[in-house]
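Comments concern the structure below.
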There are 2 protein chains.
Amino acid sequence: MVSPSTPPRISLPPGVQRDVDKVVETIVYLYTESRRLTKEVARASNLTGPQLTVVKMLHHLGDLSLSALSDRIRAGNSTVSGIIDRMEREDLVRRVRSKEDRRVVHIKLTDKGRALAESVPIQPMEIFQAAIASLDGEEMTTILRILLKLAGRVDELVKATTPTTPSETP
Amino acid sequence: MVSPSTPPRISLPPGVQRDVDKVVETIVYLYTESRRLTKEVARASNLTGPQLTVVKMLHHLGDLSLSALSDRIRAGNSTVSGIIDRMEREDLVRRVRSKEDRRVVHIKLTDKGRALAESVPIQPMEIFQAAIASLDGEEMTTILRILLKLAGRVDELVKATTPTTPSETP
DNA sequence: TCAAAATGATTCGTATACGAAACAACGCAT
DNA sequence: ATGCGTTGTTTCGTATACGAATCATTTTGA
């Protein structure tokens with residue numbers, strides 16, 4: 001996981017640039033530290049981070065198709081397919097073909113998987129959530145507002161710099 | 001390593017929980033989207049995201065030891081060692097043993113690597129930085145303050161739940 | 001209707017990512 | 001100085017992660 005602290009290329013006042021870098025650095029820190037913590041919690045149950053996330057998610061939401069799972073955990077189908085392979089090998093989940101649409105595969109927790117989900121007391125990301133929850137109401141509202149604004153700006157900039165799909169034929 | 005002594009349990013009002021989730025979701029979004037963009041920029045130069053980051057970093061800071069590089073990009077030595085392997089294979093960097101401390105390996109850009117660094121116009125994370133820089137001064141100060149508070153809280157909670165190094169013999 | 005486009009999932013190749021083990025070189029204490 | 005713990009790096013095994021290609025099954029459109 002690479003988190004660059006980039007040298008300034010956009011021209012900004014040095015003080016502002018310092019703040020920008022610090023914001024990037026802190027967001028990266030929060031993200032990576034949270035993943036590390038999830039991994040650590042998972043380890044206690046002989047699971048990987050993503051596997052714990054999947055187990056908890058299926059336990060909370062019930063069966064999901066592979067694509068639905070991919071969307072939820074923000075990973076590609078091929079990635080999740082591999083994760084499910086390994087979980088199936090460990091008898092944590094089963095693949096069941098859908099009757100309605102035979103392209104679809106439902107991922108179901110096995111008894112072992114369910115037991116495991118219930119045995120892990122804390123949620124992935126719980127420490128992160130606890131830290132956020134410790135903010136007072138006004139801070140919470142404010143940071144959420146600014147973060148959403150940031151996300152919106154990123155979206156705009158991406159759309160602005162990414163032209164329409166080129167028509168290429170290799 | 002056995003079960004944690006007192007797993008932290010939090011119960012929150014539903015409204016607050018929704019905000020907490022949204023904050024987590026947005027931070028994850030900002031991070032993953034930024035990485036995706038870095039990767040996309042890198043692709044245009046036949047590089048991977050991390051490789052572009054390394055090239056830009058060496059160009060900006062000069063030679064670095066492998067450990068120094070690892071610290072900068074927040075990745076383990078073994079990860080960076082692999083990245084450097086592949087970059088060396090592509091003649092982008094060279095490994096040079098330090099004369100002063102023969103354990104140390106300095107990573108140096110080759111001419112080809114330097115040319116590539118200069119040919120890529122934008123920095124990794126630049127879109128992310130631009131979005132942050134578009135905040136007004138007060139928002140910037142505020143989000144930085146709250147993010148730092150969050151990072152501090154996470155640190156405290158981690159220290160609280162991670163006991164001192166146990167004396168174990170596997 | 002029926003071929004073509006679209007969708008859901010898997011497979012493959014490659015690149016992170018990380019912890020543990022191995023190894024060499026350094027440095028400190030006695 | 002010698003022993004021994006520490007440090008810097010690499011190697012190994014395993015698990016993500018993703019894009020491209022593939023396959024089977026819908027769905028669409030003329």
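Just so it is clear, the values below take in all heavy atoms, side chains as well, and ignore hydrogens, waters and symmetry mates.
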Between P of D:dG8 and CG of B:L69, the distance in whole Å
14 Å
Reported CG-to-CG distance for the pair A:L109 and A:D63, which is rounded to 0.5 angstrom
7.5 Å
Is the shortest side-chain N/O distance from A:R86 to OP1 or OP2 of D:dT16 below 4.0 Å?
yes
Between A:Q51, A:R95, A:R94, which is the residue that forms a side-chain contact (heavy atoms from CB on, under 4.5 Å) with A:M87?
A:Q51
Residues in side chain to side chain donor-acceptor pair (under 3.5 Å) with B:K149, at least two apart?
A:E139
OG (B:S34) and OH (A:Y31) are apart, to the nearest 0.5 Å, by 11.0 Å
Given C:dT16, D:dT16, C:dA9, identify the nucleotide with an atom nearest to the side chain of B:P50.
C:dT16
As a test of reading the structure: which of C:dT11, D:dT10, D:dA15 is closest to the side chain of A:D85, going by heavy atoms?
C:dT11
B:D21 side chain to A:Q129 side chain, donor-acceptor N/O pair below 3.5 angstrom
yes
If only side-chain N and O atoms count, and only distance matters, is there a donor-acceptor pair under 3.5 Å linking A:R153 with B:S134?
yes
Nearest-Å distance, NZ (A:K39) to C1' (C:dA20)?
13 Å
Is the shortest side-chain N/O distance from B:R95 to OP1 or OP2 of D:dT10 below 4.0 Å?
yes
From the candidates C:dT10, D:dT9, C:dT16, the one with an atom nearest any side-chain atom of B:V105 is D:dT9
For nucleotides 2-7 of chain C, 5' to 3', base contacts (B), sugar-phosphate-only contacts (S) and non-contacts (-) with protein non-hydrogen atoms under 4.0 Å give -----B
Look at the side chain of A:S65 and the base of C:dG8, then say whether one donor and one acceptor between them are separated by less than 3.5 Å.
no
When you measure from the side-chain N and O atoms of A:T79 to the phosphate of D:dA17, is any distance below 4.0 Å, counting only OP1 and OP2?
no
Heavy atoms under 4.0 Å, any strand shown: does A:S78 hit a base, just sugar-phosphate, or nothing?
base
What is the distance, to the nearest angstrom, from the CD1 atom on B:I73 to the C1' atom on C:dA15?
13 Å
Measure the spacing between NZ of A:K112 and CG of A:L92 and express it to the nearest 0.5 Å.
5.5 Å
Separation of D:dA15 atom P from A:R43 atom CZ, nearest Å, is 13 Å
When we call it a touch if two heavy atoms are under 4.0 Å apart, what does B:D101 touch: a base, just sugar-phosphate, or nothing?
sugar-phosphate
Nucleotide C:dA24, atom C1' - distance to CG of B:L66 in whole Å:
15 Å
What is the separation between atom CD on A:E40 and atom P on C:dG19, rounded to the nearest whole Å?
10 Å
5′-ward residue of the pair B:G82/A:Q51 relative to DNA chain D
B:G82
Could you give the CZ-to-C1' distance, from B:R102 to D:dG8, as a whole number of Å?
13 Å
Side chain of A:T48 only, heavy atoms from C-beta on: which candidate in C:dA15, C:dT16, D:dA15 is closest?
D:dA15
Which whole-number value in Å describes the distance from A:L47 CG to D:dT14 P?
17 Å
Measure from the side-chain heavy atoms of A:S67 and tell me the nearest of C:dA15, C:dG8, D:dT9.
C:dG8
Locate the shortest heavy-atom distance separating A:V23 from B:L147; write the atom from each residue and the value.
CG1-CD1, 3.9 Å
